[in-house]
Amino acid sequence: MKRTKHRAYDDGPHAANIAGALLNWFAVHQRDLPWRRSRDAYRIWVSEIMLQQTRVETVRPYYERWLAQFPTLTALAEAPQEQVLKAWEGLGYYSRARNLHSAAQDVVARYGGEVPDDPDAVATLKGVGPYTAGAVLSIAFNRSVPAVDGNVMRLFSRLFLIEDDIMQPATRQGMEQLALALIPAGQAGNFNQALMELGALVCSPTSPKCLACPVAEYCQALAAGRQESLPVKAKAKAPRPVDVAAGVIFHEGRVLLVRRPEEGLLGGLWEFPGGERPAGATCEQALHQRIAESYGIELEIEGHLTDVRHVFTHLVWNLAACTARVAPGSPIPEESETLRWVTPDQISRYPLPVAHQKVAAALLACLSGNRQAKMRR
DNA sequence: AATGCGGGGCC
DNA sequence: GGCCCAGCATT
């Protein structure tokens, strides 16, 4: 007997009945989603990347715009990264966009622009992990591979009364074995989608709709009255607070935008220069120091513009934004790949973090207010 | 195995 | 305010 590193779960005596009930339910109740109107592997792939840690209703408008802008894998591969990030702006986890872009170029170079119908090849694509590989292969090519996401883990935790922490990799691997064993022959795509759709529509995180569930009669958690207390999931750590400064720095009617490094938080996005503030430091103090250090600019601070509080998964920005202008005689940094002087109305052409979009909105409101005030005078 | 990585919607 | 979401890469 082969030893398995992951946990082993038993699909029980009703596996075939469960699978059949799920397929029947899915045939009737599945939502009409944009990515279900085609079996094109590129479209399926795009949808699966967007849907990582992201709700269907959030993804829908991004997906529609994306396909209008990048209708084919080749079109995506040939687009500049700036345009790709702009199309992703606001969706979060920006490495998804950078990896998808780079993987598309990879598919053009290595597979002639067609997503390979090959598990080994798909698994090597950047940004494609076990779930996404399984989803693309099963939905686009109907290959019998599991696609276990948060929905499926929640459903399985209840259906089979599994009390292991779903955050543990070993638990997910065990559930992948379980999912594989349940796939009906020739129905992988529909079955995997049925599992996720049931998790999304019926076996919801709170208040599961067990009365409407097609597999309620097989559900061990429901039988034990424990459906509300599963799945078991470790609590996330509290986000760490970080004070941040952002400077709207004017010079001859333009403001300074700088590009964040490719890797790390908000990688590749543009922002108003500044950065982390030492604890207790004001926006003015932090800007004087950091802008001089990084760009050699001497500043004259004009005043406070706005405060933005922004919560990430693992940290909280307390962002303070000031306006300033370049002091007379100060050196002026030249434009480069990571530095631009732009007029206020051009800011929205650049992909910005949401927190900095709010600073830009405050700036435009302020400028508009000044203009109206002048006209009234 | 643990951590970094967004943003929004719902209770 | 907390929780969750069609996860992945890196260490």
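Both backbone and side-chain heavy atoms feed into the values below; hydrogens, waters and symmetry mates do not. In this text, all values refer to a predicted model and were calculated from it rather than measured experimentally. Residue numbering restarts at 1 for every chain, and letters A, B, ... go by the order of the sequence lines.
Atom CG in L269(A) sits roughly 13 Å away from atom C1' in dC5(B) (whole-Å rounding). For the pair L201(A) CG and dA6(C) P, the computed distance is 10 Å after rounding to whole Å. Atom CZ in R240(A) sits about 14 Å away from atom P in dG6(B), given to the nearest Å. With rounding to whole Å, H356(A) atom NE2 is found 13 Å from dG6(B) atom C1'. If you measure from atom CD1 of I139(A) to atom P of dA6(C), you get 13 Å, rounded to the nearest angstrom.
Side-chain nitrogen and oxygen atoms of H314(A) include none within less than 4.0 Å of the OP1 or OP2 phosphate oxygen of dG4(B). Listed pair R172(A) / dA6(C) fails the phosphate criterion, with no side-chain N or O lying under 4.0 Å from OP1 or OP2. Phosphate proximity of dG6(B) to H310(A): absent, as no side-chain N or O sits under 4.0 Å from OP1 or OP2.
Heavy atoms of R60(A) sit nowhere under 4.0 angstrom from any nucleic acid atom. Residue Q168(A) is classed as a sugar-phosphate contact, given heavy-atom separations below 4.0 Å to backbone atoms only. Using a 4.0 Å heavy-atom criterion, one finds that T132(A) contacts the sugar-phosphate atoms exclusively. In this structure, L266(A) reaches the sugar-phosphate backbone alone: every heavy-atom distance under 4.0 Å involves primed, P, OP1 or OP2 atoms, never a base. Within 4.0 Å (heavy atoms only), R260(A) reaches no atom of the nucleic acid at all.
Applying side-chain hydrogen bond (donor to acceptor under 3.5 Å, both in side chains) to R325(A) and the options E300(A), H251(A), E252(A) leaves one that passes, E300(A).
The CG atom of L201(A) sits 8.0 Å away from the NZ atom of K209(A) when rounded to the nearest 0.5 Å.
Rounded to whole Å, the separation between the P atoms of dG8(B) and dA9(C) comes to 24 Å. For the C1' atom pair drawn from dG6(B) and dC4(C), the interatomic distance equals 13 Å after rounding to whole Å. As rounded to the nearest Å, dG9(B) and dC8(C) have C1' atoms that lie 23 Å from one another.
Every residue meeting the ring-ring contact (aromatic ring centres under 6.0 Å, His included) condition with F70(A), not counting sequence neighbours, appears here in chain and number order: W66(A).
Judged by a 6.0 Å distance limit and a 45° cone about the ring axis, R65(A) is positioned over the six-membered ring of Y62(A).
In the set dG8(B), dG7(C), dA6(C), the nucleotide with an atom closest to the side chain of L33(A) is dA6(C). Among dA6(C), dC8(C), dG1(C), the nucleotide with an atom closest to any side-chain atom of R31(A) is dA6(C).
Comparing G127(A) and R36(A) by the nucleotide of DNA chain C whose heavy atom lies nearest to each, the residue mapping closer to the 5' end is R36(A). The residue among K126(A) and W35(A) whose nearest nucleotide of DNA chain C is located toward the 5' end is W35(A). Between L315(A) and S207(A), the one whose closest nucleotide on DNA chain B sits nearer the 5' end is L315(A). Where K237(A) and V354(A) each meet DNA chain B at their nearest nucleotide, the meeting point lying more 5' is that of K237(A).
Y9(A) and D164(A) are linked by a side-chain donor-acceptor pair at a separation below 3.5 angstrom, with hydrogens and angles left out of the test. For the residue pair R158(A) and Q220(A), no side-chain donor N or O sits within less than 3.5 Å of a side-chain acceptor on the partner.
The residues E176(A) and R172(A) are annotated as salt-bridged, a charged nitrogen and a carboxylate oxygen being separated by less than 4.0 angstrom.
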Between protein and nucleotides 3-5 of chain C, what N or O pairs are separated by less than 3.5 Å?
unit_1	atom_1	unit_2	atom_2	d
dC4(C)	O2	R55(A)	NH2	2.6
dC5(C)	OP1	R154(A)	NH1	2.2
dC5(C)	O2	Q53(A)	O	3.4

